[in-house]
There are 2 protein chains.
Amino acid sequence: MVLSEKQKELIERIGVFHEHKGMQPLVGRIIGLMLIHDNAEVTFDEIVDLLGVSKSAVSNALTFLQAKERVVYTTKPGDRKRYFKLKIHDWKENFTKDIVGIVEIQKFLAEVLEERKDKDSEFCAQMRDFSNFLEFFRHEIPSLFERFKKKYS
Amino acid sequence: MVLSEKQKELIERIGVFHEHKGMQPLVGRIIGLMLIHDNAEVTFDEIVDLLGVSKSAVSNALTFLQAKERVVYTTKPGDRKRYFKLKIHDWKENFTKDIVGIVEIQKFLAEVLEERKDKDSEFCAQMRDFSNFLEFFRHEIPSLFERFKKKYS
DNA sequence: ATTTTGGTTCTCTTTTTACAGAACTAACAA
DNA sequence: TTGTTAGTTCTGTAAAAAGAGAACCAAAAT
């Protein structure tokens, strides 16, 4: 496969988007490549060739993506290459992980509220509000998926 | 104010939590300090003293936090110091920003779906699912706040 | 008028990140 | 058995991030 200018540019933009989320540049670009690749899966050296980066960088990035459960590989009989692809099927899990990541602040709010002496201050009241909301939201996630399912069926 | 060991350690943990979200170390620690500080507000040189960092670092971090609308300062009559504090009151806005940040991937999914040739593949179907869900979720946010409000009143 | 305060900005240094390149390894192939 | 393929790991390095320290500045105090 050869990338069009438009595809290259889209990969870059997907790359920087993921950089902003704290991923290292190449990781974001690999995600982009996997999204736009015609076969929806790429081999190790396709990544090397198409993105023009070193094998070591690709190896590390793929290890990372597999550890984060964002990518898996399959193999084909009589072919030693690995075919890496996004676990897009698991979008619910990934989305949930992202949400959990932001809701996690609640844990610290609770600790802070525990530690503070001015429990009945406006400041603490607002923290409690936020904390309660996060708690509420966390429990709402499953029902969110359900309501979505109901709507689209 | 002088920080207890427990408070120091909590600030550190809140700091690394925010680092993981892509903020620079000191920024996260300042958030931590503002959360645990008895007065819920800190002056410039309290930050310098309590966290043991340079004025320049504090100045930059505070500029950043104000630009991101996470912090404001107030002043007191006959006192030139600025009293910086978290805009914890705006937790809804901040939370929404975080959510929008993760939902933003939808924009790229749409572009990718536009660009791909295999529209009726399993891969595209899953992307559409996810994309539709994100769209759905985005519209659900206000109702989420409402349902929370209803529950706690 | 000059000193102090509260903070900003500039330059330099340290540390960390992100990656290249080469050496290496395990499985298979000739 | 030697070579090739597919990837990993190790070592070095360029670039970027994070912050220190000093110079600087404006407003207020003396």
Side-chain angles (χ1 to χ4, degrees), chain A residues 1 11-12 14-34 37 39 41-68 70-85, chain B residues 1 11-12 14-34 37 39 41-68 70-85:
Chain A
M1 182 184 182
I11 290 173
E12 286 311 305
I14 294 172
V16 316
F17 172 79
H18 284 92
E19 271 185 76
H20 290 323
K21 319 226 100 173
M23 290 180 184
Q24 81 191 57
L26 181 55
V27 168
R29 261 139 266 235
I30 290 177
I31 292 175
L33 177 58
M34 286 175 172
H37 194 282
N39 308 139
E41 60 182 12
V42 283
T43 64
F44 191 96
D45 30 278
E46 260 185 307
I47 301 174
V48 169
D49 293 350
L50 293 172
L51 299 185
V53 289
S54 69
K55 294 206 294 171
S56 56
V58 170
S59 181
N60 289 325
L62 286 175
T63 300
F64 174 85
L65 281 166
Q66 293 172 90
K68 288 265 168 185
R70 294 288 312 265
V71 160
V72 275
Y73 68 81
T74 52
T75 49
K76 298 182 200 303
D79 183 352
R80 281 166 65 198
K81 281 189 180 67
R82 291 172 191 170
Y83 292 81
F84 297 92
K85 64 181 177 200
Chain B
M1 181 183 184
I11 289 173
E12 286 310 305
I14 293 173
V16 316
F17 173 79
H18 284 92
E19 271 186 75
H20 289 323
K21 320 227 99 173
M23 291 181 183
Q24 80 192 59
L26 181 55
V27 168
R29 261 140 264 236
I30 290 178
I31 291 175
L33 177 59
M34 286 173 171
H37 193 282
N39 308 139
E41 60 182 12
V42 282
T43 63
F44 190 96
D45 31 276
E46 258 184 309
I47 301 174
V48 169
D49 293 350
L50 293 172
L51 300 184
V53 290
S54 68
K55 292 206 295 171
S56 56
V58 170
S59 180
N60 289 325
L62 286 175
T63 301
F64 173 86
L65 282 165
Q66 291 173 92
K68 288 265 167 184
R70 295 287 313 265
V71 160
V72 275
Y73 67 82
T74 52
T75 50
K76 299 182 198 303
D79 183 352
R80 282 167 63 201
K81 283 190 179 64
R82 293 170 191 172
Y83 292 80
F84 297 93
K85 63 180 176 202

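A note on names: the letters A, B, ... follow the listed sequences, proteins ahead of strands, and every chain is numbered from 1. Bear in mind the structure is a predicted one, so any value in this text is a computation, not a measurement.
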Seminar exercise, completed: Reading nucleotides 14-21 of chain D from 5' to 3' and marking B where a protein heavy atom lies under 4.0 Å of the base, S where only the sugar-phosphate is that close, and - otherwise, the string is ----SSBB
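- A heavy-atom distance below 4.5 Å is not found between the side chains of B:V27 and B:R70.
- Following rounding to the nearest Å, A:K81 (NZ) and D:dG7 (P) show an atom-to-atom distance of 8 Å.
- Atom CZ of residue B:F44 and atom CZ of residue B:R82 lie 9.0 Å apart, to the nearest 0.5 angstrom.
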For this session: Apply the test salt bridge (Lys or Arg N to Asp or Glu O under 4.0 Å) to residues A:E46 and A:K81: give CA-CA distance (whole Å), side-chain angles for both, the deciding distance (0.1 Å), then the verdict.
Result: CA-CA 11 Å; A:E46 260 185 307; A:K81 281 189 180 67; over 6 Å; no
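- Between the CZ atom in A:R29 and the CG atom in A:L51 there is a gap of 8.5 Å [rounded to 0.5 Å].
- Contacts between residues 72-80 of chain B and DNA chain C, defined by a heavy-atom separation below 4.0 Å, involve B:R80, listed by number.
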For this session: Output, in order, the C-alpha distance, side-chain angles, deciding distance and verdict of side chain to side chain contact (heavy atoms under 4.5 Å, CB included) for B:F84 and B:T43.
Result: CA-CA 6 Å; B:F84 297 93; B:T43 63; 5.9 Å; no
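- A 6.0 Å sphere centred on OH of B:Y83 holds more than 12 heavy atoms belonging to other residues, nucleotides or ligands.
- Atom CG in B:L65 sits 6.5 Å away from atom CE in B:M34 (nearest 0.5 Å).
- The shortest non-hydrogen separation linking A:I30 to A:A61 is CD1-CB, 3.6 Å.
- Taking each heavy atom of B:H37 and B:L50 in turn, the nearest pair found is CD2-CD1, 4.2 Å.
- Close approach of DNA chain C to chain B, defined as any atom under 4.0 Å from a non-hydrogen atom of the protein, starts and stops at C:dT5 to C:dC10.
- The CG atom of B:D45 lies 8.5 Å from the NZ atom of B:K55; values are rounded to the nearest 0.5 Å.
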